Amino acid sequence: MTPIHSLHDFFARSGAEVRLYHLGRRVTPLAMEELARFEALELPWAEPWQGQARLACVFTLGDAPDPLIWFLALPLDERGLLSPAPRDAFIQRLLETLGRNVRRLGEARDDADHLMRDNPLAFTPSLPFQALLHARASHDLDRPASQHLELAEAYLGGDQDEHWQSLGLQGLADFAVRHDGDQARRLASRLASLPVEVLRPLCQCLEHVEIAAGLADALRRRGEQAADAGDLETLCACVRAQSRGPATQVAAWYDALLADPNACGPDLLAAMAARGWEALEDGERLPRFLNRLAEAPQADFTALARDLALIPRLRLPVLMTLRQAPPESAIAARLSGLRHPH
């Protein structure tokens with residue numbers, strides 16, 4: 001029998017129905033083939049977060065009514081490739097727990113679940129990420145949404161103006177994953193009047209799904225209103241959610257924000273990098289972003305630049321921008337400070 005050396009091998013041999021999801025920058029599906037190539041050190045991790053490949057493994061065993069979910073954070077090297085040793089140790093422990101017959105997984109559900117309790121690779125996602133994963137996995141597995149969806153649809157669609165305090169995060173997540181074009185248009189027309197207690201968690205959900213142009217425009221308008229009012233938290237929430245709109249609209253807002261030195265504080269720059277990194281894949285926008293980051297004294301320039309450089313498509317552009325920074329630039333001053341600390 002072929003030995004098991006990877007998570008891919010394990011799931012392929014388990015007989016379980018498996019769905020994988022990125023859990024670093026956004027909750028998005030991950031193909032089994034991509035996991036196999038990543039574990040074989042053929043590919044860097046596409047969406048790294050804080051030096052880790054964070055993923056959710058949602059797998060159904062036999063006729064079990066509910067799937068098991070593992071949250072794993074696999075360490076990456078400086079190139080974004082897997083550091084294999086912690087994964088290997090987890091696989092070894094997994095096999096020792098279940099025995100060499102991985103098809104026992106269906107009989108050893110409690111053992112498989114227990115593996116996560118004192119597992120150094122396990123982590124607990126934030127509540128918005130958990131809600132989005134539940135919404136996405138339920139949708140992908142053709143399971144019904146949570147009981148909270150109906151109220152969220154009624155409120156966000158304008159059919160109900162009261163009792164927003166009853167809205168649950170899970171209902172907002174289900175709405176984000178399942179909403180259609182008509183619901184997007186109705187939400188866009190209502191966005192300006194949503195209380196921030198609804199808008200901010202809604203944005204935390206919308207940042208994980210592609211959104212229509214009209215909704216992206218409404219998010220920009222609401223974000224600009226928040227900026228004018230000095231509400232940085234709402235501005236950042238809108239920027240993160242709008243990052244999933246059409247690329248031209250995202251780029252246009254980022255260009256406007258980066259052109260305004262008063263707008264570019266560390267929180268806003270972190271929001272752009274965390275959720276809108278695709279918009280930074282531009283020969284003019286990326287240097288402008290990194291320069292604004294270097295100019296922000298409270299921003300952790302090194303950590304953010306390193307995190308962006310781990311994203312495969314941004315690695316070379318980030319390194320080239322840093323290397324080619326003019327001597328008088330804020331970037332060069334930051335890099336000099338790293339080489340010659342006081």
Side-chain angles (χ1 to χ4, degrees), residues 7-36 38 46-47 53-72 102-110 112-113 115-116 124-157 159-160 166-187 201-212 215 241 244-245:
L7 289 167
H8 176 272
D9 292 345
F10 173 78
F11 284 125
R13 290 268 290 281
S14 71
E17 179 187 357
V18 184
R19 291 186 184 270
L20 306 172
Y21 297 89
H22 287 281
L23 273 190
R25 294 176 176 271
R26 291 194 289 247
V27 179
T28 52
L30 168 69
M32 265 296 224
E33 295 75 18
E34 187 177 345
L35 177 65
F38 167 69
E47 297 187 14
R54 294 190 172 191
L55 73 154
C57 309
V58 182
F59 53 102
T60 305
L61 305 166
D63 55 0
D66 297 308
L68 267 174
I69 303 177
W70 288 349
F71 300 120
L72 297 173
V102 299
R103 287 188 175 272
R104 275 196 63 241
L105 189 59
E107 306 161 21
R109 180 185 175 96
D110 290 343
D113 206 15
L115 277 164
M116 293 298 109
T124 301
S126 66
L127 290 177
F129 270 73
Q130 291 184 47
L132 253 295
L133 177 67
H134 186 278
R136 174 70 70 186
S138 296
H139 176 270
D140 294 348
L141 293 169
D142 294 323
R143 293 173 178 244
S146 74
Q147 61 185 4
H148 306 289
L149 174 61
E150 187 176 352
L151 179 58
E153 288 179 328
Y155 182 83
L156 298 175
D159 298 328
Q160 152 115 264
S166 302
L167 292 173
L169 181 60
Q170 190 59 59
L172 297 176
D174 286 322
F175 177 89
V177 168
R178 295 174 186 255
H179 77 274
D180 59 24
D182 180 60
Q183 289 173 314
R185 286 187 291 273
R186 295 172 70 183
L187 174 58
L202 175 63
C203 285
Q204 288 181 311
C205 297
L206 291 175
E207 67 190 40
H208 297 273
V209 301
E210 291 185 7
I211 58 173
L215 184 51
R244 295 296 277 149

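In this chain, residues are counted from 1 in sequence order. Every value quoted in this text rests on a predicted model; they were computed, and no experiment measured them.
- Atoms CG and CG, from L35 and L55 in turn, are 6.5 Å apart once rounded to the nearest 0.5 Å.
- Atom CG of L20 is separated from atom CH2 of W70 by 11.5 Å, given to the nearest 0.5 angstrom.
- Contact between R26 and E207 at its shortest, heavy atoms only, is CD-O, 3.0 Å.
- Heavy-atom minimum distance, H22 versus A46: CE1-CB, 4.3 Å.
- In this structure, the separation between CZ on R186 and CG on D159 is 4.5 Å, given to the nearest 0.5 Å.
- Annotation: the span from Q130 atom CD to L169 atom CG amounts to 9.5 Å, rounded to 0.5 Å.
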Requested in this report: Given side-chain contact (heavy atoms from CB on, under 4.5 Å), test L167 with L202 step by step and report yes or no.
Outcome: CA-CA 10 Å; L167 292 173; L202 175 63; over 6 Å; no
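- In terms of heavy-atom proximity, H134 sits nearest to Q170 at ND1-NE2, 3.5 Å.
- Two residues are said to be in side-chain contact when any heavy atoms from C-beta on lie closer than 4.5 Å; R178 and S138 meet this criterion.
- Between atom CG of residue D174 and atom SG of residue C205 there is a gap of 9.0 Å, rounded to the nearest 0.5 Å.
- Between F175 and H148, the distance separating the two ring centers is not shorter than 6.0 angstrom.
- The backbone N or O of A176 lies less than 3.5 Å from a partner atom in the side chain of H179, making a donor-acceptor pair.
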Checking side-chain contact (heavy atoms from CB on, under 4.5 Å) for the pair F11/C57: CA distance, chi angles, key distance, verdict? CA-CA 9 Å; F11 284 125; C57 309; 3.7 Å; yes
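- Between P125 and L133, the closest side-chain pair of non-hydrogen atoms is not below 4.5 Å.
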Trace of the side-chain contact (heavy atoms from CB on, under 4.5 Å) decision for H8 with M32:
CA-CA 7 Å; H8 176 272; M32 265 296 224; 4.0 Å; yes
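- For E153 (side chain) and E150 (main-chain N/O), no donor-acceptor pair under 3.5 Å exists by modelled atom type.
- In this structure, CG on L187 lies 6.5 Å from CG on L206, to the nearest 0.5 angstrom.
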Check the pair V27, F129 against side-chain contact (heavy atoms from CB on, under 4.5 Å), reporting the backbone distance first and the verdict last. CA-CA 7 Å; V27 179; F129 270 73; 3.6 Å; yes
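- Scanning all heavy atoms of the two residues, the minimum distance from Q204 to L132 falls at O-CD2, 4.5 Å.
- Closest non-hydrogen pair, V177 versus R136, comes out as CG2-N, 4.1 Å.
- A184 approaches A212 most closely through the heavy-atom pair CB-CB, 4.5 Å.
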